[in-house]
Amino acid sequence: MSAARRVEPSGPPGSFAKRVLVTGGAGFIASHVIVSLVEDYPNYMIINLDKLDYCASLKNLEPVSNKQNYRITPAFDICDSHFVKLLFEVEKIDIVLHFAAQTHVDLSFVRAFEFTYVNVYGTHVLVNAAYEAGVEKFIYVSTDEVYGGSLDQGFSSGLHSSTSQVLGLWMCTTRARSRFLDAEFDESSPKQPTNPYASSKAAAECFVQSYWERYKFPVVITRSSNVYGPHQYPEKVIPKFISLLQHDRKCCIHGSGLQRRNFLYAADVVEAFLTVLTKGEPGEIYNIGTNCEMSVIQLAKELIQLYLIKETNSESETESWVDYVSDRPHNDMRYPMKSEKIHSLGWKPKVPWEEGIKKTVEWYRKNFHNWKNVEKALEPFPVQPPFI
Ligand SMILES: Cc1cn([C@H]2C[C@H](O)[C@@H](COP(=O)(O)OP(=O)(O)O[C@H]3O[C@H](CO)[C@@H](O)[C@H](O)[C@H]3O)O2)c(=O)[nH]c1=O
């Protein structure tokens with residue numbers, strides 16, 4: 001075995017109450033979770049496994065990089081089954097938080113097989129190694145996108161009236177009816193993913209869930225709304241629009257801009273993961289949602305008018321900062337979700353949109369260059385690979 005593949009144990013054995021493996025820890029959400037875990041749980045050893053892909057940044061981890069209870073195993077891949085097995089043997093992991101994934105929906109349309117490989121095969125490798133090592137809790141970070149989009153008023157009002165009538169009849173007789181009328185998805189709603197990214201996350205969920213069904217291996221699955229805040233690679237809509245405007249460029253809106261998303265601030269989702277870590281029940285799925293819902297066009301207008309230098313109330317001037325570009329092959333309208341299950345564990349989002357978006361805008365003013373060749377992320381769909 002080459003020196004690069006050697007795995008050294010972190011800290012003297014038995015000196016930490018728990019040993020937690022976080023995958024994808026140099027990425028957006030996981031880096032916030034790691035900083036919180038390292039600072040708030042000094043008796044836990046936090047081990048970060050990250051292949052340092054284009055959207056990762058070690059700057060996200062600077063606050064904890066020299067702490068005794070943190071270490072990173074960089075440039076290793078969850079798809080490397082030999083390495084993953086060895087890591088579990090050497091590190092004696094108690095808990096896994098599995099974030100590592102290809103996450104960008106736009107990119108999934110052009111690199112679909114890579115998404116299947118990393119998100120499905122990589123997750124299978126990891127959950128199997130965790131099971132064989134007798135890990136006490138395996139948390140799989142999934143997404144509300146597994147439900148597929150709900151079709152709502154915004155969608156039907158955009159259609160020609162005769163099309164709407166036909167659609168109305170169809171709704172009365174098919175399963176689509178529940179997609180229109182039962183507004184919110186709960187954890188038992190069927191999975192109906194519509195893009196390669198969402199399909200890969202849904203498939204990976206099936207593998208993870210099967211370890212609970214087959215062996216009662218204690219897995220927990222989370223499905224969260226769109227998360228925003230510092231550290232997010234600017235390919236996603238909020239940091240992309242902020243960064244475009246900061247560079248005096250227009251917000252590029254995919255299609256009509258009527259699609260709506262629920263936005264959850266990073267600090268809130270960290271609290272949700274800590275709640276699931278300490279109180280989540282084995283075999284359960286938890287939605288992590290928020291009421292903060294807005295259309296993409298509303299988002300663009302708000303960013304243009306309220307938070308950036310383009311202080312204007314004039315509708316036409318605001319419109320001049322928006323560019324309508326080609327849409328994805330499919331763009332889900334919205335993901336309305338019930339989150340009562342995680343509320344019953346004591347979690348609710350706390351950070352108001354106004355506060356979260358202000359902090360986010362400030363962060364990108366100073367940190368836009370945290371990633372290599374980041375300007376590439378600002379191009380409209382279709383994304384031209386490679387990003388790096
Ligand atoms: C990047 C970009 C996006 N959009 C639109 C497309 C969507 O309707 C909406 C949100 O796009 P995105 O920011 O890429 O996020 P979305 O497709 O909802 O997926 C995100 O949210 C999911 C949770 O819902 C996560 O699981 C995914 O990893 C994450 O990428 O904004 C634009 O109009 N212009 C853009 O440049």
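In listed order, ligands and their atoms are each counted from 1.
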Among all protein heavy atoms, pick the one closest to [atom] and tell me residue, atom and distance.
atom	result
atom 9 (C) of ligand 1	Val296 CG2, 3.7 Å
atom 4 (N) of ligand 1	His254 ND1, 3.3 Å
atom 17 (O) of ligand 1	Arg328 NH1, 2.7 Å
atom 15 (O) of ligand 1	Asn226 ND2, 3.4 Å
atom 8 (O) of ligand 1	Asn331 OD1, 2.9 Å
atom 25 (C) of ligand 1	Tyr197 OH, 3.6 Å
atom 24 (O) of ligand 1	Asp144 OD1, 2.5 Å

Short side-chain donor-acceptor distance under 3.5 Å, [Y] and [X]:
X	Y	value
Thr103	Lys201	no
Glu145	Asn195	yes
Asp332	Thr194	yes

Tell me the contacting part of [X] for ligand 1: side chain, backbone, both, or neither, using a 4.0 Å heavy-atom threshold, strictly below.
X	value
Arg261	side chain
Val237	both
Lys236	both
Thr103	both
Ser224	backbone
Glu145	side chain

- Could you give me the CA-CA distance, side-chain angles and deciding distance for Phe109 and Tyr197, then say whether ring-ring contact (aromatic ring centres under 6.0 Å, His included) is met? CA-CA 8 Å; Phe109 288 106; Tyr197 160 72; over 10 Å; no

- Salt-bridge present (Asp268, Lys350; N to O < 4.0 Å):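 The answer is no: the pair does not qualify as a salt bridge.
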
- salt_bridge(Arg365, Glu362) N-O dist < 4.0 Å: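 Yes, charged N to carboxylate O under 4.0 Å.
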
- Task: Please check if the distance between the ring centroids of Tyr131 and Trp212 is under 6.0 Å.
- Result: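 Between Tyr131 and Trp212, the centre distance exceeds or equals 6.0 Å.
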
- Query: Would the His247 and Phe368 ring centres measure less than 6.0 Å apart?
  - Reply: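 They qualify: ring centres under 6.0 Å apart.
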
By number and element, which atoms of ligand 1 are closer than 4.0 Å to a non-hydrogen atom of [X]?
X	result
Val105	17 (O), 19 (O)
Glu235	1 (C)
Ile253	33 (O)
Lys240	1 (C), 36 (O)
Gln259	8 (O)

- Of the options Tyr335, Tyr147, Tyr140, which is the one that meets Arg223 in a side-chain hydrogen bond (donor to acceptor under 3.5 Å, both in side chains)?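 Answer to the side-chain hydrogen bond (donor to acceptor under 3.5 Å, both in side chains) test with Arg223 among Tyr335, Tyr147, Tyr140: Tyr147.
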
- Task: Have a look at Tyr228 and tell me which of Phe28, Tyr265, Trp363, Phe241 forms a ring-ring contact (aromatic ring centres under 6.0 Å, His included) with it.
- Result: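 Only one of Phe28, Tyr265, Trp363, Phe241 forms a ring-ring contact (aromatic ring centres under 6.0 Å, His included) with Tyr228, namely Tyr265.
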
- Task: Determine, using the 4.5 Å side-chain heavy-atom cutoff (strictly less than), whether Ile95 and Ile47 are members of one ILVMFWY cluster.
- Result: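 No, because Ile95 and Ile47 fall into different hydrophobic clusters, even though each may have its own neighbours under 4.5 Å.
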
- Message: Looking at ligand 1, is there an atom of it that comes within less than 4.0 Å of some heavy atom belonging to Cys252?
- Response: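 Cys252 counts as a contact of ligand 1 under the 4.0 Å cut-off.
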
- Message: Please check: side-chain N/O of Thr123 versus main-chain N/O of Ala204, any donor-acceptor pairing under 3.5 Å?
- Response: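 Between the backbone of Ala204 and the side chain of Thr123 there is no qualifying donor-acceptor contact (under 3.5 Å).
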
